[in-house]
Amino acid sequence: MKEFNFKELGQRFVQLLVSLFILLLVTFFIGRVLPTDPVGAIVGELADPAAFEAMRQRLGLDLPLYQQFWIYVTSLLHGDMGTAILTGNPVTQDLASAFPATLELATLAVIISTVVGVPLGMAAALYRDSLVDQIARVVSLVGHSIPVFWFGIVGLVIFYAGLSWVGGPGRVDIYLEGLVEPRTGLLLVDSLLAGDTEVFWNAISHIILPACILAYSAMAYITRMTRSFTLEQLNQDYVTAARAKGVSSAGIVIGHILPNISVQLVTILAISYGSLLEGAVVTEIVFSWPGIGQYMTNALMIGDMNAVLASTLIIGLIFMLLNFVADLAYVFLDPRTREATS
């Protein structure tokens with residue numbers, strides 16, 4: 001096994017920086033071309049022209065675009081994303097408060113989708129055209145076809161309002177809010193660190209439904225791709241040889257096929273995780289989940305472009321970092337990649 005190629009690492013890191021620069025350009029120009037007037041959102045539409053002009057100069061909107069972009073980038077490098085109109089707090093402070101809720105929700109969702117989707121996809125390929133395969137196809141089709149918000153509303157009506165199996169909107173019941181000190185921002189982790197089992201189980205009851213609904217669309221994608229990867233491997237000569245030696249189907253899947261598709265699965269899971277962080281917006285609105293999606297939506301409703309662009313930038317950056325990690329996983333997990341780049 002050859003050593004890791006640092007040239008390949010450098011090339012992928014340069015690609016990441018170029019993608020980040022493009023993301024900065026896109027978010028900057030979105031903030032400039034949208035009809036929303038940030039000055040009007042701050043001073044009010046009925047303010048006198050002098051106040052408008054003073055605020056324009058204060059925000060640097062009277063400068064040429066290239067100077068505005070330079071100020072935008074340098075401010076970001078110093079951790080300054082502006083002030084949120086909705087809360088009056090620095091946007092970085094609001095994001096630091098809201099993002100852990102989204103991270104917790106998306107992380108649980110990707111765990112659920114992986115635990116269910118990968119075995120289901122493998123079973124569907126191993127027993128092709130059987131009942132298991134048909135179920136997997138239906139699950140994937142429904143997951144891709146029905147909007148998440150519809151699943152969310154139906155889930156609340158059935159499992160919360162009807163059966164009372166799960167908690168309602170929000171992260172915990174109102175009477176439990178603020179009882180646990182936010183050390184990490186992840187309520188499940190913080191409640192365990194504080195030894196408060198009541199808050200922990202209450203938080204579980206609130207997060208399980210939105211996490212399952214958010215996981216369903218990702219699970220449909222993971223199931224379909226895992227089935228495709230497994231079918232491709234089942235046609236390989238090494239599988240035929242393993243069967244000739246009397247290796248069981250489970251042994252072939254676990255001992256041979258799974259290691260060979262692990263690199264592809266890492267990429268699929270990274271993409272799914274990024275999509276869950278991005279797609280949590282609708283789920284957070286339906287379940288009143290106080291994450292970055294709901295924060296961005298509330299900011300957009302009042303034209304708070306500092307908050308909207310910062311949220312977009314954070315989600316885009318995370319998505320790119322996940323893809324970067326997936327690319328590195330290719331190099332680490334697949335010896336053929338190292339040989340090709342050495």
Side-chain angles (χ1 to χ4, degrees), residues 76 79-84 86-114 148 152 166-215 218 269-270 272-300 304 306-322 324-325:
L76 288 176
D80 182 10
M81 294 183 173
T83 302
L86 183 64
T87 63
N89 300 324
V91 173
T92 50
Q93 178 180 330
D94 287 345
L95 290 178
S97 176
F99 185 71
T102 299
L103 181 64
E104 187 173 47
L105 179 61
T107 301
L108 183 58
V110 79
I111 292 173
I112 294 172
S113 60
T114 303
V148 173
V166 298
R171 299 180 79 180
V172 289
D173 290 338
I174 296 178
Y175 71 93
L176 294 176
E177 290 183 356
L179 293 184
V180 174
E181 180 185 356
R183 300 181 186 178
T184 65
L186 307 176
L187 187 57
L188 297 178
V189 176
D190 290 340
S191 59
L192 288 177
L193 292 176
D196 196 327
T197 56
E198 181 182 6
V199 173
F200 175 78
W201 289 112
N202 190 269
I204 286 288
S205 72
H206 280 259
I207 197 175
I208 191 64
L209 181 58
C212 287
I213 289 174
L214 187 61
L269 295 180
S272 299
Y273 195 18
S275 299
L276 288 174
L277 288 170
E278 178 184 357
V281 174
V282 176
T283 306
E284 289 181 3
I285 294 173
V286 173
F287 288 90
S288 297
W289 195 261
I292 193 172
Q294 189 180 62
Y295 174 74
M296 182 167 57
T297 303
N298 293 336
L300 186 60
D304 188 352
N306 283 338
V308 172
L309 294 179
S311 302
T312 304
L313 187 63
I314 291 297
I315 293 175
L317 177 60
I318 292 173
F319 197 90
M320 289 190 300
L321 288 175
L322 287 172
F324 179 67
V325 171

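FYI, side chains are in, hydrogens and waters are out, and symmetry mates aren't considered; it's all heavy atoms of this structure. Along the sequence shown, residues carry numbers from 1.
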**Student:** Minimum heavy-atom separation for Pro100 and Leu186, please, with both atom names.
**Tutor:**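 Shortest heavy-atom contact: O-CD2, 3.3 Å.
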
**Student:** In Å and rounded to the nearest 0.5 Å, what is the CG to OG1 distance from Leu317 to Thr312?
**Tutor:**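 Spacing of CG (Leu317) from OG1 (Thr312) equals 12.5 Å.
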
**Student:** So, does Asp190 use its side chain to make a donor-acceptor pair with the main chain of Thr184 at under 3.5 Å?
**Tutor:**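 It does hold such a pair.
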
**Student:** List the atom of Gly79, the atom of Thr92, and the distance in Å for their closest heavy-atom pair.
**Tutor:**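 Closest heavy-atom pair between Gly79 and Thr92: O-CG2, 3.1 Å.
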
**Student:** Do the side-chain N and O atoms of Asp196 and Ser191 include a donor-acceptor pair separated by under 3.5 angstrom?
**Tutor:**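 The answer is no; no qualifying pair exists.
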
**Student:** Looking at side-chain heavy atoms only, is the closest gap between Met81 and Ile314 below 4.5 Å?
**Tutor:**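 In short, these two side chains touch, coming nearer than 4.5 Å.
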
**Student:** Within this structure, what is the OG-CG distance for the pair Ser275 and Leu322, rounded to the nearest 0.5 Å?
**Tutor:**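 Here the rounded value is 9.5 Å.
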
**Student:** For residues Phe99 and Ile318, determine if any side-chain heavy atom of one lies less than 4.5 Å from a side-chain heavy atom of the other.
**Tutor:**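 Yes. Closest side-chain heavy atoms under 4.5 Å.
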
**Student:** Check the pair Thr83, Asn89 against side-chain contact (heavy atoms from CB on, under 4.5 Å), reporting the backbone distance first and the verdict last.
**Tutor:** CA-CA 6 Å; Thr83 302; Asn89 300 324; over 6 Å; no

**Student:** How close do Ala211 and Ile112 get, counting heavy atoms only, and between which atoms?
**Tutor:**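 Smallest heavy-atom distance, with atoms named: CB-CD1, 4.2 Å.
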
**Student:** To the nearest 0.5 angstrom, please state how far the CD1 atom of Ile292 sits from the CD1 atom of Ile315.
**Tutor:**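 Answer rounded to 0.5 Å: 4.5 Å.
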
**Student:** Contact between Tyr295 and Thr102 at the side-chain level, heavy atoms closer than 4.5 Å - yes or no?
**Tutor:**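 Answer no - side chains too far apart.
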
**Student:** If you compare all heavy atoms of Leu188 against all heavy atoms of Phe200, which two are closest, and at what distance to 0.1 Å?
**Tutor:**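 Minimum heavy-atom separation between Leu188 and Phe200: O-CD1, 3.6 Å.
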
**Student:** Which is it for Leu105 and Leu276 under the side-chain contact (heavy atoms from CB on, under 4.5 Å) test, yes or no, and what are the steps along the way?
**Tutor:** CA-CA 9 Å; Leu105 179 61; Leu276 288 174; over 6 Å; no

**Student:** Evaluate the side-chain proximity of Ile213 to Val286: yes if any heavy-atom separation is below 4.5 Å, no if none is.
**Tutor:**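 A side-chain contact is absent here, since even the closest heavy-atom pair is not under 4.5 Å.
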
**Student:** Quick one: do Val166 and His206 satisfy side-chain contact (heavy atoms from CB on, under 4.5 Å)? Show the steps, please.
**Tutor:** CA-CA 6 Å; Val166 298; His206 280 259; over 6 Å; no

**Student:** Within the distance-only criterion (no hydrogens, no angle test), does the side chain of Gln294 pair as donor or acceptor with the backbone N or O of Ile285 below 3.5 angstrom?
**Tutor:**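 No, Gln294 side chain to Ile285 backbone: no donor-acceptor pair under 3.5 Å.
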
**Student:** With no hydrogens and no angle check, is any side-chain donor or acceptor of Ser97 less than 3.5 Å from a backbone partner on Asp94?
**Tutor:**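 No, because the side chain of Ser97 does not come within donor-acceptor range (under 3.5 Å) of the backbone of Asp94.
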
**Student:** Could you walk me through whether Arg171 and Glu104 pass the salt bridge (charged side-chain N to carboxylate O under 4.0 Å, His left out) test, one step at a time?
**Tutor:** CA-CA 10 Å; Arg171 299 180 79 180; Glu104 187 173 47; 2.6 Å; yes

**Student:** Quick check for you: to the nearest 0.5 Å, what is the distance between Leu187 atom CG and Asn202 atom CG?
**Tutor:**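 The distance works out to 8.5 Å.
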
**Student:** Looking at every non-hydrogen atom in both residues, tell me the closest pair between Ser113 and Ala215 and how far apart they are.
**Tutor:**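 Shortest heavy-atom separation between Ser113 and Ala215 comes out as CB-O, 3.5 Å.
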
**Student:** Is the closest side-chain heavy-atom distance between Glu181 and Leu193 below 4.5 Å?
**Tutor:**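 They are not in contact (no side-chain heavy atoms under 4.5 Å apart), so the answer is no.
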
**Student:** Any idea which heavy atoms bring Gly291 and Ala101 closest together, and the distance?
**Tutor:**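 Looking at all heavy atoms of both residues, the closest pair is CA-CB, 4.0 Å.
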
